[in-house]
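Structure first, then comments.
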Amino acid sequence: MLKIKSARVIVTSPGRNFVTLKIETTDGITGIGDATLNGRELAVASYLTEHVCPTLIGRDAQAIEDTWQYLYRGAYWRRGPVTMTAIAGVDTALWDIKAKQAGLPLYQLLGGAARDGVLVYGHANGETIDEAIEAAKRFRSEGYLAIRLQCGVPGLKGIYGVWGKQRHYGSAKAGVPVENTWSTTKYLPVVPKLFAAAREALGWDVHLLHDAHHRLTPIEAARLGKDLEPFRPFWIEDMTPSENQESFRLIRHHTTTKLAVGEVLNSIWDAQHLITEQLIDYIRMSVVHAGGITHLRRVAALADLYQVRTGCHGAADLSPVCMGAALHFDLSVPNFGIQEYMRHTEETDAVFPHAYKYADGMLHPGEVPGHGVEIDEALAAKFPYRQASLPVNRLEDGTLYNW
Ligand code: CS2
Ligand code: MG
């Protein structure tokens with residue numbers, strides 16, 4: 001039996017914090033899993049180090065499902081982002097080991113390739129609509145078939161998803177949270193203008209996406225959905241907070257604009273009604289935050305029954321280890337929709353050498369055994385943890401709001 005000999009947490013910060021779990025077996029096979037929770041990294045690192053890793057030693061490294069159930073049911077305190085991210089780190093590392101042991105790329109253990117490559121979307125943004133459109137043209141020139149559009153809102157600063165000319169995005173800032181200001185009234189008229197300009201400049205053979213980032217009430221989301229219908233968005237994401245899954249019934253009642261939800265969800269139960277009532281079109285849950293490949297496959301299987309497609313979260317605060325694992329999942333899952341692809345910095349890519357490659361608007365996970373991502377521990381050690389926090393948002397009158 002292939003037993004677990006060691007399980008170690010590696011925290012590194014090549015430009016931003018990442019938490020990686022590394023498992024080694026008695027046969028010397030190693031596997032790694034992403035366990036990064038942006039702004040709460042040490043909570044997951046501690047959960048793993050103190051409460052999970054000691055229980056793994058001596059366990060059968062091949063018993064992925066039993067280990068998943070042990071960590072989920074055995075925790076008593078089920079679900080939640082910290083718990084499910086910790087479980088994801090273990091699950092992903094064990095799938096990596098199993099595929100390496102088989103000498104196969106991970107997707108071959110998940111049913112093989114269901115498509116030639118994984119459609120991805122890039123992130124065009126700018127303080128102004130013109131700047132965002134120029135950025136979108138650059139993504140088109142790089143062969144992207146799908147582009148997310150975000151732009152500034154006149155009269156507001158620090159808008160989500162606008163990071164200017166720098167190539168890479170880091171939402172968490174050093175120290176305690178910075179405070180942004182928000183006005184839905186100022187925001188709502190801007191997005192239709194952004195999409196009108198994008199269709200004018202880019203035409204119709206490119207998918208256009210937008211992230212409302214939890215900022216609207218259901219009726220405001222319905223308004224935005226109706227206003228955007230003429231521009232046929234691929235999806236509008238996180239239109240309203242998704243804890244109240246019923247909210248989406250109201251949005252659905254008013255608009256045919258396609259909806260994506262789920263990057264902050266971490267279990268099938270959080271999305272159960274969104275899926276079974278077909279209140280959404282894409283489920284955004286990710287390998288790293290939804291309990292790993294084992295649980296995400298269950299979510300995708302439920303979604304498939306209701307013609308809901310996957311659209312995994314893939315922001316730069318999810319490490320290349322998550323991206324690598326997600327691409328094997330994306331390549332094999334029948335109801336694949338699209339994969340978010342926010343490029344990591346060169347420093348991050350050096351810490352996490354990987355087999356996945358971008359070409360012509362698609363990513364492919366590569367053919368090496370496992371998920372195809374490793375960690376250079378010597379280099380990782382050169383980037384110590386730095387406390388960082390996601391921003392908080394207030395309305396113009398000071399009311400604390402959704403970031
Ligand atoms: C965003 C994320 O990529 C997205 O869709 O919602 O950038 C999100 O803000 C970060 O992952 C939060 O850590
Ligand atoms: Mg989002």
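Throughout, numbering of the chain's residues begins at 1 and tracks the sequence. Whatever order the structure lists them in is the order used to number ligands and atoms, beginning at 1. Given the structure is predicted, the values throughout are model-derived calculations rather than measurements.
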Short N or O separations between ligand 1 and the protein, below 3.5 Å:
from     : atom 1 : to   : atom 2 : distance (Å)
ligand 1 : 3 (O)  : E340 : OE1    : 3.2
ligand 1 : 3 (O)  : E340 : OE2    : 2.4
ligand 1 : 5 (O)  : R148 : NH1    : 3.4
ligand 1 : 5 (O)  : D211 : OD2    : 2.9
ligand 1 : 5 (O)  : E237 : OE1    : 3.4
ligand 1 : 5 (O)  : E237 : OE2    : 3.0
ligand 1 : 5 (O)  : E263 : OE1    : 2.8
ligand 1 : 5 (O)  : R284 : NH2    : 2.9
ligand 1 : 6 (O)  : D211 : OD2    : 3.1
ligand 1 : 6 (O)  : H213 : NE2    : 3.1
ligand 1 : 6 (O)  : E263 : OE1    : 2.8
ligand 1 : 6 (O)  : E263 : OE2    : 2.5
ligand 1 : 7 (O)  : Y160 : OH     : 3.2
ligand 1 : 9 (O)  : H213 : NE2    : 2.8
ligand 1 : 11 (O) : H313 : NE2    : 3.0
ligand 1 : 11 (O) : D317 : OD1    : 3.0
ligand 1 : 11 (O) : D317 : OD2    : 3.1
ligand 1 : 13 (O) : N38  : ND2    : 2.8
ligand 1 : 13 (O) : D317 : OD1    : 3.4
ligand 1 : 13 (O) : D317 : OD2    : 3.1

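- The pair R284-D238 fails the salt-bridge criterion, with no side-chain N (NZ, NE, NH1 or NH2) lying under 4.0 Å from an Asp/Glu carboxylate O.
- A side-chain donor-acceptor contact under 3.5 Å links T399 and D397.
- Ordered by chain and number, D211 OD2, E237 OE2, E263 OE1 make up the set of protein N, O or S atoms under 2.8 Å of the Mg ion (ligand 2).
- Ring centers of H371 and W95: at least 6.0 Å apart, outside the cut-off.
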Verdict with supporting geometry, S171 and W163, side-chain hydrogen bond (donor to acceptor under 3.5 Å, both in side chains): CA-CA 9 Å; S171 51; W163 56 85; over 6 Å; no
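- The only member of W204, F195, Y121, Y282 that meets ring-ring contact (aromatic ring centres under 6.0 Å, His included) when paired with F234 is Y282.
- Residues A222 and L250 come closest through the heavy atom pair CB-CD2, 4.4 Å.
- A cation-pi contact, defined as under 6.0 Å to the ring centre and within 45° of the axis, links R16 to F18.
- In this structure, Y356 has its ring center under 6.0 Å from that of H354.
- By the 6.0 Å contact criterion, CZ on R79 is enclosed, its count of non-hydrogen atoms from other residues, nucleotides or ligands being greater than 12.
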